Amino acid sequence: MPRKKKPVEPSASGGSPETPLPEPVAQWAEPYRPVVSDPASGFELGENKLASIMMFSFARDPGEKVKDRLKHYGYMYNATQKAWSVNATPTTREIARRLAAEFSAGKASDRAAGR
């Protein structure tokens, strides 16, 4: 003989115990944040806190000179994200900011020279 279900008591708040709980509000920040963005030079330096990486993304091919500088400092091209990335440490963060200033200044001098 099948067992009978016991009657369900309403909760103190008046709702039934089967009422689903509301979804919790997300309090986590986005893992990626831009650090330096220079649309005139066509690049963005960002940091992915979740993956702990610094990354440069370029609107166009940055050229061999820029690629060689990135490779010199340990950056590798990630085809999935279409960005040059390196593990984020205090040292690589500082180097990334210096490279961003260098790339920005280089493009500015190219524009001034009419290239």
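For clarity, every value in this text was computed on a predicted model and none was experimentally measured.
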Quick check for you: to the nearest 0.5 Å, what is the distance between [X] atom [atom1] and [Y] atom [atom2]?
X: Asn87; Y: Met54; atom1: CG; atom2: CE; result: 11.5 Å
X: Met76; Y: Ser85; atom1: CE; atom2: OG; result: 6.5 Å
X: Thr92; Y: Leu99; atom1: OG1; atom2: CG; result: 10.5 Å
X: Arg98; Y: Glu94; atom1: CZ; atom2: CD; result: 4.5 Å
X: Phe58; Y: Leu45; atom1: CZ; atom2: CG; result: 9.0 Å
X: Glu64; Y: Lys71; atom1: CD; atom2: NZ; result: 6.0 Å

Hydrophobic cluster membership, Leu50 vs Val35, 4.5 Å side-chain cutoff: no
Parallel, tilted or perpendicular: ring planes of Phe103 versus Phe43, cut at 30 and 60 degrees: perpendicular
Does the side chain of [X] reach to within under 4.5 Å of the side chain of [Y], using non-hydrogen atoms?
X: Glu102; Y: Val66; result: no
X: Trp84; Y: Lys67; result: yes
X: Tyr75; Y: Arg69; result: no
X: Met55; Y: Tyr32; result: yes
X: Ile53; Y: Val86; result: no
X: Phe56; Y: Leu70; result: yes

Heavy-atom pair with the smallest gap, counting every atom of Ser37 and Glu44: OG-OE1, 3.7 Å
Contact summary for Lys82 and Ser57, nearest pair of heavy atoms: O-CB, 4.0 Å
